[in-house]
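Just so you know, ligand 1 is whichever comes first in the structure, and atom 1 is the first atom listed for that ligand.
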Amino acid sequence: MKDIKEFIKKLPKAELHLHIEGSLEPELMFKLAKRNGIKIPYKTVEEVKEAYNFTNLQSFLDIYYAGAKVLITKQDFYDMTWDYILKCKEDNILHTEIFFDPQTHTQRGISFETVIFGIKEALDDAQKKLGISSKIIMCFLRHLSEEKAFETLEQSLPYKDYIIGVGLDSSELGNPPKKFEKVFNEAKEHGYKLVAHAGEEGDISYIEDALDLLHIERIDHGVQAINSEALMQRLKEEQIPLTVCPNSNIELKVFENYKQHNIKQLLDYGLNVTVNSDDPAYFKGYMNQNFFNLVDNIPLTKEDIVKLVKNSFNSSFIEEKLKQEYIKRVDEVVEKYE
Ligand code: HPA
Ligand code: ZN
């Protein structure tokens, strides 16, 4: 392989774990703060970046929710989403499934409609102008109550056609899947697909319960699975996708450094692993940068990279025909690099 990074850049990719609020770059945060007359506790972009010095998931979430307060109008949500789409274009992402956190906004008096239409209109333009396809997944904040999650599910129903599924994010420890068993069951009855963050900081019981109680189709993160042989065996047999986010895991100290990251072990075991950027504005880089950091530190082969990329398309919620078209486009690039 001449240059593995060139190969990574050229490969068509899909993203399955991306919080749209986590794509809000400091530059846009300043612009929106000014536009909306909102005070933020930083004077310069450099100061913002210095504050992104996380010690764990909660230390990140505190800053991430504070940052989201600059988002007020539909145009704000459109601008943030469009900026992310331009990064997709740069990184050769053909399809993206993005999370949004309605409660982060409805709690502040922003309507569900403002949020969903701002995001959706940018994604519609992404398809029209750039040929990038997408799906939207709505996440419940797990530090809030079950009752609040039910309210949010109810609020989402008029916009069901624009939302493919529901997820679960925010503070994992102390907020186990069991707390959301009923609301996930109801979401399923409404036809939503189900995913959940599990095994990011939480132990294997969070992954097992997300599978057994919430009946999810994909596990977001899931890297703690390595601590149970039985669970690893199950994930392999059932080929349940794991949406792994390397930069996020390093920035939130889930692993000490990239060399310690277990993605290669998970992959070699035969798990259905994918690479994703999670909150790229906060975790120092988008999709390609996640791959670059991996290949700089871990002996991933060209075949490993192709497998990771194909896993993402195969694990996406895209209709089968389009999935096959995308995979064919991956194969075309692979052949050229033989
Ligand atoms: N984990 C949990 N909640 C989140 C994350 C994450 O990585 N990013 C945004 N909300
Ligand atoms: Zn996440």
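No option in Y52, F283, Y65 other than F283 meets the ring pair (Phe, Tyr, Trp, His ring centres under 6.0 Å) test with F60.
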Note every protein N or O atom lying under 3.5 Å from an N or O atom of ligand 1, pairing the names and giving the distance.
{"from": "ligand 1", "atom 1": "1 (N)", "to": "E200", "atom 2": "OE1", "distance (Å)": "2.8"}
{"from": "ligand 1", "atom 1": "3 (N)", "to": "S170", "atom 2": "N", "distance (Å)": "2.8"}
{"from": "ligand 1", "atom 1": "7 (O)", "to": "E200", "atom 2": "OE2", "distance (Å)": "3.1"}
{"from": "ligand 1", "atom 1": "7 (O)", "to": "H221", "atom 2": "NE2", "distance (Å)": "3.2"}
{"from": "ligand 1", "atom 1": "7 (O)", "to": "D278", "atom 2": "OD1", "distance (Å)": "3.4"}
{"from": "ligand 1", "atom 1": "7 (O)", "to": "D278", "atom 2": "OD2", "distance (Å)": "2.7"}
{"from": "ligand 1", "atom 1": "8 (N)", "to": "H19", "atom 2": "NE2", "distance (Å)": "3.2"}
{"from": "ligand 1", "atom 1": "8 (N)", "to": "D279", "atom 2": "OD1", "distance (Å)": "3.4"}
{"from": "ligand 1", "atom 1": "8 (N)", "to": "D279", "atom 2": "OD2", "distance (Å)": "2.7"}

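Residues L57 and I250 fall within the same hydrophobic cluster, defined by Ile, Leu, Val, Met, Phe, Trp and Tyr side chains chained together at heavy-atom separations under 4.5 Å.
Distances from the Zn ion (ligand 2) show that C245 has no N/O/S atom below 2.8 Å. Using a cut-off of 2.8 Å, one finds that H221 contributes no N/O/S atom close to the Zn ion (ligand 2). Taking 2.8 Å as the criterion, D278 counts as a coordinating residue of the Zn ion (ligand 2), since one of its N, O or S atoms falls below it.
Aromatic pair Y206/H221: ring centres not closer than 6.0 Å.
Of the N and O atoms on the side chains of K13 and N92, not one donor lies less than 3.5 Å from an acceptor on the other residue.
Looking at K87 and D83, no side-chain N of the basic residue comes within less than 4.0 Å of a carboxylate O on the acidic one, giving no salt bridge. Using a 4.0 Å cut-off between a side-chain N of Lys or Arg and a carboxylate O of Asp or Glu, D331 and K328 do not qualify as a salt bridge.
More than 12 non-hydrogen atoms from other residues, nucleotides or ligands lie less than 6.0 angstrom from CD of E332.
The side-chain tip of K182 does not point at the ring of F150 from less than 6.0 angstrom away and within 45° of straight on.
As for H197, its N/O/S atom nearest the Zn ion (ligand 2) is the one called NE2.
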